[in-house]
Amino acid sequence: LKSPILAVTALKVTLSEDHFVKVRALIRDLIERLNEQAKSEATQKSFCDKEMKAATDKRDKEQSNVEDNKAKISATEANIQQLTQEIADLSRGIADNKKALKEATDLRQKESAENAKTVAEAEAGKEAVERASEVLKSFYEGAAFVQYVPPNSDREGKTVSDRAPEVFDSEYK
């Protein structure tokens, strides 16, 4: 049996039984490895899906926070603008009030000076009247300068008989 062709054929026959066993084993190993890879990929896909959902939720939450903060900033800026306008209006009101107060104070000072002058003139007039009254009192104190008003007289001091017309020139005969 020194023939190479027979040796190869014999080898093929002897190996052919083992070859299918090995092939089956390889196929089983391959199937197991594919199943493990499928499980691994499923686990990895599950992990990726969970992480993707978590990342998407976090992104959405942060985007919501950004929008909320932008809204707060806008509201605050509007409030600042409104308060700035109110400050300007109130400042103008204060300036107007100060101006009115200054004008009223100046007018009051003028009126006060005029009133002081009037009071001084009135005091001088009062003193003059008191001196004149003293002079007249001393002059008439000893004199009998008394006015007599008859009873039942009018404001001119005349009675009814004084006002009666004179009807008869002479006495009755």
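Scope of the values below: all heavy atoms of this structure, side chains included, with no hydrogens, waters or symmetry mates.
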Set of residues satisfying side-chain contact (heavy atoms from CB on, under 4.5 Å) with respect to Asp106, sequence neighbours excluded: Lys102, Gln109
Between Asp96 and Lys99, is there a side-chain heavy-atom distance shorter than 4.5 Å? no
Salt bridge (Lys or Arg N to Asp or Glu O under 4.0 Å) against Asp57, all qualifying residues, sequence neighbours excluded: Lys53
Are Leu107 and Glu103 close enough that some pair of their side-chain heavy atoms sits under 4.5 Å apart? no
All N/O donor-acceptor pairs, side-chain side in residues 38-51, below 3.5 Å, sequence neighbours left out:
unit_1: Thr43; atom_1: OG1; unit_2: Lys39; atom_2: O; d: 2.8
unit_1: Lys45; atom_1: NZ; unit_2: Asp49; atom_2: OD2; d: 3.1

What distance separates Glu36 CD from Asp29 CG, expressed to the nearest 0.5 Å? 9.5 Å
Excluding sequence neighbours, so at least two apart, what forms side-chain contact (heavy atoms from CB on, under 4.5 Å) with Val135? none
Show me the donor-acceptor pairs within less than 3.5 Å that the side chains of residues 111-118 make with the rest of the protein, sequence neighbours left out.
unit_1: Thr118; atom_1: OG1; unit_2: Glu114; atom_2: O; d: 2.9

Return all side-chain donor-acceptor pairs below 3.5 angstrom for residues 63-87, not counting sequence neighbours, or 'none' if the list is empty.
unit_1: Asn69; atom_1: ND2; unit_2: Asn65; atom_2: O; d: 3.3
unit_1: Ser74; atom_1: OG; unit_2: Lys70; atom_2: O; d: 3.1
unit_1: Thr76; atom_1: OG1; unit_2: Lys72; atom_2: O; d: 2.7
unit_1: Gln82; atom_1: NE2; unit_2: Glu86; atom_2: OE2; d: 3.3
unit_1: Thr84; atom_1: OG1; unit_2: Ile80; atom_2: O; d: 2.7
unit_1: Gln85; atom_1: NE2; unit_2: Asp89; atom_2: OD1; d: 3.1

